[in-house]
Enquirer: 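Below is one structure. I have some questions about it.
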Amino acid sequence: METITVALGARSYPIYIGSEIFDRAELYVPHFAQKKAALVTNETVAPLYLDRLSNALRAAGVDVVPIVLPDGERHKNWQTLNSIYDSLLRNRCERKTTIVALGGGVVGDLGGFAAASFLRGVPFIQVPTTLLAQVDSSVGGKTGINHPLGKNMIGAFYQPKAVIADISTLNSLPDRELSAGLAEVIKYGLIRDLPFFEWLEQHMEKLLAREPQALAYAVRRSCENKAEVVGADEREEGERALLNLGHTFGHAIETAGNYERWLHGEAVALGTVLAARLSVAVAQMHPSLVARIESLLRAAKLPVDPPALGAERYIKLMSNDKKVEQGKMRFVTLNDIGASSVGFVELSTLIRLFDQSDRTT
Ligand code: NAD
Ligand code: GLY
């Protein structure tokens with residue numbers, strides 16, 4: 001097992017990465033303020049992992065309250081959040097009760113926001129069971145729910161006490177979900193880590209074959225990158241915005257597909273292709289790199305042809321994004337692989353980009 005620290009002063013916390021570690025009670029108990037924990041999970045993950053974790057914690061003397069949510073992004077909403085509060089209150093959970101989120105990014109974002117808000121904040125542990133959650137959503141403290149008018153519009157920055165990333169849980173993950181997680185892994189190489197991007201180019205087959213050593217390295221390197229960025233800019237006032245590469249385009253694509261057509265990571269891959277094309281136009285990225293980026297995304301079995309929604313629709317959908325400031329849209333662009341920056345982009349440039357992209361796809 002390896003441990004990475006997210007350095008945030010008194011709120012610093014460990015990310016434990018290993019195989020067959022998610023039911024090791026000794027990783028949890030030292031972070032508990034009281035021997036009571038609410039395990040928030042969903043109906044897909046519960047039959048796979050809930051009993052093992054509950055039994056291990058109960059054997060260590062912990063009073064366990066299981067809370068099983070419906071599965072899916074469409075349930076990342078107010079009603080589901082309220083059902084978590086109902087269960088916490090009915091089971092007499094207190095300020096010292098720890099909420100443990102066992103599942104993918106949806107469970108993590110919901111469980112985290114419940115922890116941030118229940119009784120004005122209770123301790124929280126993330127146990128991510130998708131690749132996307134292990135490399136991205138469980139680290140850094142962004143929690144929240146969707147609003148009918150926009151994704152992740154309601155939420156809080158709330159850091160966990162610990163993250164327990166068990167790569168053996170990825171064995172039950174559908175192939176498509178594994179690939180979706182790889183989109184966020186590739187992102188770290190693109191924005192700040194050329195050697196990692198090159199490593200991914202060489203090891204993609206091993207990752208798709210779920211070779212434990214390759215997966216553990218990809219999760220570790222991703223978490224190291226994310227921990228460094230979050231440690232330097234917890235509240236996204238600067239460098240953290242680089243983690244949004246492809247996300248403004250991606251959120252528009254996800255919304256246009258009604259959150260059904262594309263998984264989050266797939267939409268990020270499509271958004272990354274658009275961000276790469278934009279980078280050639282505004283950030284002097286060498287045009288040959290677009291093909292290199294598409295090739296790695298394709299090798300990860302991710303889609304690379306952004307939907308032809310038309311410039312007007314894209315721009316309307318993107319203007320609801322949180323990254324809009326005083327009506328101007330900010331984008332992450334690449335100067336090179338491993339070198340990125342954030343800047344405002346003229347509307348006319350975006351219109352040209354979408355017109356050209358519509359012709360290519
Ligand atoms: P998800 O949580 O919907 O999980 C994907 C699917 O895999 C679900 O059906 C889930 O039940 C299932 N699953 C989870 N673990 C499994 C396992 N081990 N075996 C089999 N099936 C399993 O999706 P996701 O991709 O993990 O997360 C996407 C969400 O994360 C989005 O809501 C996105 O907005 C959010 N997100 C948040 C942050 C953040 O910083 N907070 C960052 C990126 C994404
Ligand atoms: N997933 C982007 C962030 O955590 O900032």
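Numbering of ligands and ligand atoms starts at 1, following listing order. Everything numeric in this text was worked out from a predicted model, so none of it was measured.
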Enquirer: Tabulated below should be the N or O atoms of ligand 2 paired with protein N or O atoms at under 3.5 Å; can you produce that?
Expert:
{"residue": "ligand 2", "atom": "1 (N)", "partner": "Asp136", "partner atom": "OD1", "Å": "3.1"}
{"residue": "ligand 2", "atom": "1 (N)", "partner": "Asp136", "partner atom": "OD2", "Å": "3.4"}
{"residue": "ligand 2", "atom": "4 (O)", "partner": "Lys226", "partner atom": "NZ", "Å": "2.5"}
{"residue": "ligand 2", "atom": "4 (O)", "partner": "Arg240", "partner atom": "NH2", "Å": "2.7"}
{"residue": "ligand 2", "atom": "5 (O)", "partner": "Lys142", "partner atom": "NZ", "Å": "2.9"}
{"residue": "ligand 2", "atom": "5 (O)", "partner": "Arg240", "partner atom": "NE", "Å": "2.7"}
{"residue": "ligand 2", "atom": "5 (O)", "partner": "Arg240", "partner atom": "NH2", "Å": "3.3"}

Enquirer: Run the ring-ring contact (aromatic ring centres under 6.0 Å, His included) test against His203 and tell me which residues pass, sequence neighbours left out.
Expert: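 Expected list: Trp199.
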Enquirer: Restricting to ring-ring contact (aromatic ring centres under 6.0 Å, His included), what partner residues turn up for Tyr49, sequence neighbours left out?
Expert: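 In terms of ring-ring contact (aromatic ring centres under 6.0 Å, His included), with neighbours along the sequence ignored, Tyr49 is linked to Phe22.
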Enquirer: May I ask you to decide whether Glu224 forms a salt bridge with Arg220, counting only side-chain N to carboxylate O separations under 4.0 Å?
Expert: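 The answer is yes: the pair qualifies as a salt bridge.
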Enquirer: Who gets closest to atom 44 (C) of ligand 1 by heavy atom: Val268, Leu132, Val135?
Expert: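 Minimum heavy-atom distance to atom 44 (C) of ligand 1 goes to Leu132.
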Enquirer: As a check for students: among Leu178, Thr130, Leu173, identify the option with a heavy atom nearest to atom 26 (O) of ligand 1.
Expert: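 Residue with the shortest heavy-atom distance to the ligand atom: Thr130.
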Enquirer: Please classify the Asp109 to ligand 1 contact at 4.0 Å (heavy-atom distances, strictly less than): side chain, backbone, both or neither.
Expert: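 The side chain, only.
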Enquirer: Can you name the atoms of ligand 1, numbered from 1 with element, that are less than 4.0 Å from a heavy atom of Asp71?
Expert: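 Contacts of ligand 1 toward Asp71, numbered from 1: 8 (C), 9 (O), 10 (C), 11 (O).
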Enquirer: Give the numbers and elements of all ligand 1 atoms closer than 4.0 Å to a heavy atom of Asp136.
Expert: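 In order of numbering, the contacting atoms are 42 (C), 43 (C).
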Enquirer: For Asn152, which part has a heavy atom under 4.0 Å from ligand 1: side chain, backbone, both, or neither?
Expert: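 The part of Asn152 near ligand 1 is the side chain, not the backbone.
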Enquirer: Side-chain atoms of residues 59-71: list all donor-acceptor pairs with protein atoms under 3.5 Å, sequence neighbours left out, distances to 0.1 Å.
Expert:
{"residue": "Asp71", "atom": "OD1", "partner": "Asn42", "partner atom": "ND2", "Å": "3.2"}
{"residue": "Asp71", "atom": "OD2", "partner": "Thr44", "partner atom": "OG1", "Å": "2.6"}

Enquirer: Taking NZ, NE, NH1 and NH2 as the nitrogens, is one of them in Glu239 or Arg192 under 4.0 Å from a carboxylate oxygen of the other?
Expert: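 Answer for the salt bridge query: yes.
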Enquirer: Could you tell me which atoms of ligand 1, counted from 1 in the order shown, lie closer than 4.0 angstrom to a heavy atom of Thr44?
Expert: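 Under 4.0 Å from Thr44, ligand 1 has these atoms: 11 (O).
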Enquirer: Suppose I only count heavy atoms of Ser172 and a 4.0 Å limit; which atoms of ligand 1 are within that range?
Expert: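 Listed by number with element, the hits are 17 (C), 18 (N), 19 (N), 20 (C).
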Enquirer: Which part of Thr129 is near ligand 1, with near meaning a heavy atom under 4.0 Å away: side chain, backbone, both or neither?
Expert: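 Contact part for Thr129 vs ligand 1: both backbone and side chain.
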Enquirer: Is there a side chain to side chain donor-acceptor pair (under 3.5 Å) between Ser222 and Glu184 once you walk through the steps?
Expert: CA-CA 8 Å; Ser222 300; Glu184 303 282 13; over 6 Å; no
